[in-house]
Amino acid sequence: MNKKQKMLIIVTILTVVILIVVASAFFTATQPTGKLQVVASFYPLAFFSQEIGGEHVQVTQLVPSNTEIHTWEPAASDISAADKADVIVYNSAGLDHWIETEILPALSKTKNRAIIDTTKNLPLLQAENNQKHENENEYGIYDPHTWVSPYMAKLQAEKIYVAFVQQDPAHERHYTERWSDLKSTLEQIDANYTATLSTMHKNTIFVSHAAFGYLAYRYEFKQQGVIGLSADQQPSAVAIANILDLMLQHETYVVYIDPVYSQGYAQTLKNELETQTGHSVVILKLYIITGPIDGEGYLQQQLFNLESLKVGLEA
């Protein structure tokens, strides 16, 4: 065998090896994982999905953590991910309205998928006066911040559990065990809120963003927000002056902010109130829980909020 023939054999062998490696990689990449494919619109729902699904689900979160959800817009890649999903989970109540207007209409109609509106038929609060309302939600009418309340969060998470069992009955026992653990945890947090806040001396908190209506309703206190339900609003000087007057009336010297958003409004209130009264004013965190922050996840932020509320409602 001459040198030319040997080189030809070597090149042929290398070519075959390369083709095998490439084919193997392609085959692996295109094979289904065997997991339930779940697309969740934003962090709390992705958290619930992962907690319930465990190793048998693959969860894709559309809106990046700690991003303004009201004004976020899906890209083509988000629509593609939703199209491949076995379960699509969203909040509704006017929050992630782009799911219904931009994503769902673009999906193929042939796939057997579950589409879960987690606030459908839940006792929602009206956006303007925070009165309890049992009707189905419409964009702009209701307060969408349901997940901030551990009680409402439990009702939302249960819908996810039911969808997982329906779509993947082979792993019902796994989902049931994990749902039972999450349910118990949320019920215990809810009980802690009830027991702790029922003994507070004050009944009103002052927040930079009025996203705590479900906490206020459930545990019988009131919230006063510098801005309304949407965090991208800009408060007027009149709105800030009105909040300042209310704080003076209530003799309250605690202002709450979510660290994701600007502290400017709260700092203005603090400076004005201290100037007028000479009383020290404290700015505390109260998480809206749209992503891990300060090293704390969903459940840890719930517990932190309770401790923070104790200060404001006792002071």
Side-chain angles (χ1 to χ4, degrees), residues 43-45 47-48 91 93 95 118-119 121-134 137 142-159 182-229 231 243 246-247 249-261 266 282-290 293-294 296-315:
Y43 170 71
L45 303 184
F47 173 80
F48 302 152
N91 196 79
L95 183 77
T118 61
T119 62
N121 298 324
L122 295 193
L124 300 178
L125 300 177
Q126 289 183 317
E128 292 185 358
N129 55 16
N130 279 350
Q131 295 300 307
K132 191 176 181 181
H133 204 293
E134 302 288 345
N137 41 17
Y142 301 108
D143 180 347
H145 301 90
T146 47
W147 68 92
V148 180
S149 159
Y151 172 75
M152 294 294 285
K154 181 188 72 171
L155 302 180
Q156 291 183 268
E158 184 173 16
K159 291 177 180 285
L182 178 60
K183 178 183 177 184
S184 295
T185 299
L186 292 171
E187 286 177 343
Q188 185 58 60
I189 294 174
D190 176 46
N192 290 345
Y193 267 80
T194 299
T196 301
L197 300 183
S198 64
T199 62
M200 296 295 98
H201 303 300
K202 295 191 174 182
N203 69 346
T204 304
I205 63 170
F206 294 85
V207 296
S208 60
H209 176 195
F212 305 95
Y214 289 95
L215 284 181
Y217 182 86
R218 176 74 175 171
Y219 307 113
E220 300 182 334
F221 62 89
K222 299 176 182 179
Q223 67 166 348
Q224 294 289 345
V226 179
I227 58 175
L229 296 176
I243 291 293
L246 286 172
M247 293 186 72
Q249 292 173 26
H250 285 81
E251 296 183 341
T252 295
Y253 305 101
V254 176
V255 181
Y256 288 105
I257 56 99
D258 183 285
V260 171
Y261 300 104
V282 178
I283 297 177
L284 296 179
K285 295 176 184 177
L286 198 60
Y287 295 113
I288 302 177
I289 322 182
T290 55
I293 193 170
D294 297 334
E296 309 284 3
Y298 179 87
L299 297 175
Q300 292 74 28
Q301 290 180 52
Q302 284 281 11
L303 296 173
F304 182 96
N305 280 357
L306 175 57
E307 294 303 312
S308 192
L309 285 169
K310 283 172 60 177
V311 177
L313 291 171
E314 279 185 332

Next on the checklist: Please evaluate residues Phe48 and Thr118 with respect to the criterion side chain to side chain contact (heavy atoms under 4.5 Å, CB included), reporting the C-alpha separation (whole Å), side-chain torsions for both, the decisive distance (0.1 Å), and the verdict.
Outcome noted: CA-CA 11 Å; Phe48 302 152; Thr118 61; over 6 Å; no
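The shortest heavy-atom contact between Ser208 and Asp258 is OG-N, 4.1 Å. In this structure, Leu45 and Asn91 approach most closely via the heavy-atom pair CD1-N, 3.4 Å. For Leu182 against Ala157, the heavy-atom pair with the smallest separation is CD2-CB, 4.1 Å. The minimum heavy-atom distance linking Gln301 with Glu296 is given by the pair NE2-O, 3.0 Å. What you find for Tyr287 and Pro259 is that their closest heavy atoms are CE2-CG, 3.4 Å. Closest approach of Ala210 to Gly225, counting heavy atoms only: CB-CA, 4.1 Å.
The side-chain heavy atoms of Leu197 and Leu306, taken from C-beta on, include a pair separated by under 4.5 Å. Contact annotation: the side chain of Met152 approaches that of Pro123 to within less than 4.5 Å [non-hydrogen atoms, C-beta and beyond]. Taking 4.5 Å as the limit, some side-chain heavy atom of Ile205 sits within range of a side-chain heavy atom of Leu286.
Looking at Lys285, its side chain never comes within 3.5 Å of a backbone N or O of Ser308 through a donor-acceptor pair. In terms of modelled atom types and a separation under 3.5 Å, the side chain of Gln223 and the main chain of Thr204 share no donor-acceptor contact. With Tyr193 contributing its side chain and Tyr151 its backbone, the two residues share no donor-acceptor pair below 3.5 Å. Asp143 places no side-chain N or O within donor-acceptor distance of the main-chain N or O of Tyr214, the cut-off being under 3.5 Å. Using modelled atom types, one side-chain atom of Trp147 and one backbone atom of Ile289 make a donor-acceptor pair closer than 3.5 Å. Remark: side-chain polar atoms of Ser149 are not paired, donor with acceptor, to backbone N or O of Thr146 under 3.5 angstrom.
With Tyr219 as the partner, the side chain to side chain donor-acceptor pair (under 3.5 Å) test is satisfied by one option alone out of Thr196, Thr194, Asp190: Asp190.
For the atom pair Lys154 NZ and Gln156 CD, the distance stands at 12.5 Å (nearest 0.5 Å). Taking CG of Leu124 as the start and OG1 of Thr119 as the end, the distance is 5.0 Å to the nearest 0.5 Å. Between atom CG of residue Asn121 and atom NZ of residue Lys159 there is a gap of 5.5 Å, rounded to the nearest 0.5 Å. One finds the CE atom of Met247 at 10.5 Å from the CD atom of Gln224 (value rounded to the nearest 0.5 Å).
Between Tyr298 and Tyr43, the two ring planes are tilted [angle within 30° to 60°].
There is a side-chain donor-acceptor pair under 3.5 Å between Gln188 and Asn192. A donor atom on one side chain and an acceptor atom on the other are not found under 3.5 Å apart for Gln300 and Asp294.
Checked for salt-bridge contact, Lys183 and Glu158 miss the test: no charged N lies under 4.0 Å from a carboxylate O.
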